[in-house]
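Working notes for the structure below.
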Number of protein chains: 2
Amino acid sequence: VNSRQPHKTAVVLLHHPVTNREGALVTTAVTNMDIHDISRSVRTYEVDHYYLVTPVLEQQSLTRRILTHWAGGRCLEWHPDRAEALSRARCVSTFEEVKTELIEMYPGRSLEVAMPDAREIPGQKTYAEVRAAWEQERNAGIKVLVLGTGWGLSPAFHSEVHTFLGPIYGPLGREGYNHLSVRAAAAVILDRLFGAL
Amino acid sequence: VNSRQPHKTAVVLLHHPVTNREGALVTTAVTNMDIHDISRSVRTYEVDHYYLVTPVLEQQSLTRRILTHWAGGRCLEWHPDRAEALSRARCVSTFEEVKTELIEMYPGRSLEVAMPDAREIPGQKTYAEVRAAWEQERNAGIKVLVLGTGWGLSPAFHSEVHTFLGPIYGPLGREGYNHLSVRAAAAVILDRLFGAL
């Protein structure tokens, strides 16, 4: 239970549809570190669900094997904190499936898709704005934070998005370097939206 | 050049002296992901130096080999952003060496060692307090943020520390889960201290 707000929350890591360095539509590979680090950040910031999305069947079975491996036996015994964090993670084929699952789990709640982007897009809100808006909302909804891998989410995905969030900048703002790992970006985004002040 | 403050800054990732789950003094292994992710976060938040510290000679040569690999050739050509981030990273044997290097590089400046800890320790300051204190300081110093691996820095290290920083909490505060990866914690710490507001 998240003490600060009534919403249900999910982080979604998409491996498709994303772009490569040339802007072409690609499917990236799931990495073990993205499973572990983002699960731990999700758990720390009391996010309810973490979805890894890939259409590639082999990648799905590998991801599920890793999740199953940590859910029992000596892993559970020796690393209960790790097992607890990974228990919030699931692997599915498409973003459509994520939405269907969440709507079935939490019937009657509105679903808002928020997308942080390392590039600037017109209409992006600041993290403080979104944090305040979600805290003030009276009807408990489902808040879905979607993160892209590779060189970011394909513009084809933008039609799914209700709320665009801006790049994570260091002290130099837009003049600075802007190539955080998705693991680091996810942690900072969750801290800005949900961290204890 | 960090536009917000006059200090020189360094992040230090210690692989010794740290503790294991039983509290015993151990030396952890350098991981490739700690090199890459923390270099990128260091670069994003305009931190000047990133030191990986391990007394193990084989680990030092492996780390230096990875850093050299990314500094030239096709890596530099294909991943200039990555090469730029990794160019701030260095591997040394001891924390003593880190201090000696920094004092030689920036003669006449005071050196303040700040240590975030995932455990609560009496006298810890909040990130907002330290951010404000550093912003208000008139004399440009050297600010050294020390992070531990494993189950955290050994209490034997505490005599080196001037400023203790508290755990990174999610919305439930100290009642919540508190097992971020060091990569995620580093990103959040840098964002809280140096991120654009």
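Here the structure is a predicted model, which is why all the values come from computation and not from measurement. Chain letters run A, B, ... following the sequence lines, proteins first, then strands; residues in each count from 1. Note that these values count all heavy atoms, side chains included, but never hydrogens, waters or copies made by symmetry.
- A donor and an acceptor atom, one from each side chain of B:H16 and B:T27, are located under 3.5 Å apart.
- Ranked by non-hydrogen atom pairs under 4.5 Å with chain A, the options B:R40, B:H36, B:E84 are led by B:R40.
- Your options are A:L190, A:I38, A:T44, and the one with the most heavy-atom pairs under 4.5 Å with chain B is A:T44.
- Contacts with chain A (heavy atom to heavy atom, under 4.5 Å) involve these residues of residues 174-189 of chain B, listed by number: B:G176, B:Y177, B:H179, B:L180, B:S181, B:R183, B:A184, B:A187, B:V188.
- With contacts defined as side-chain heavy-atom distances shorter than 4.5 Å, the pair B:R90/B:E101 qualifies.
- B:V26 belongs to a hydrophobic cluster whose other members, connected by ILVMFWY side-chain contacts under 4.5 Å either directly or through intermediates, are B:V12, B:L14, B:V18, B:Y51, B:V53, B:V92, B:F95, B:V98, B:L102, B:I103, B:M105, B:Y106, B:L111, B:V113, B:M115, B:I121, B:I142, B:V144, B:V146, B:L153, B:F157, B:V161, B:F164.
- One hydrophobic cluster, built from ILVMFWY side chains closer than 4.5 Å, cannot hold both B:Y169 and B:V130; they sit in different ones.
- Heavy-atom distances place the side chain of B:R192, and not its backbone, under 4.5 Å from chain A.
- Side-chain atoms of A:Y127 come within 3.5 Å of backbone atoms of A:G166 as a donor-acceptor pair (strictly under, hydrogens ignored).
- Using a 4.0 Å cut-off between a side-chain N of Lys or Arg and a carboxylate O of Asp or Glu, B:E96 and B:K99 qualify as a salt bridge.
- The shortest heavy-atom contact between A:T54 and A:H15 is CB-CB, 4.2 Å.
- Heavy atoms closer than 4.5 Å to chain A are found in the side chain of B:D191, but not in its backbone.
- Scanning both residues, A:D48 and A:K8, for their nearest heavy atoms gives OD2-CA, 3.3 Å.
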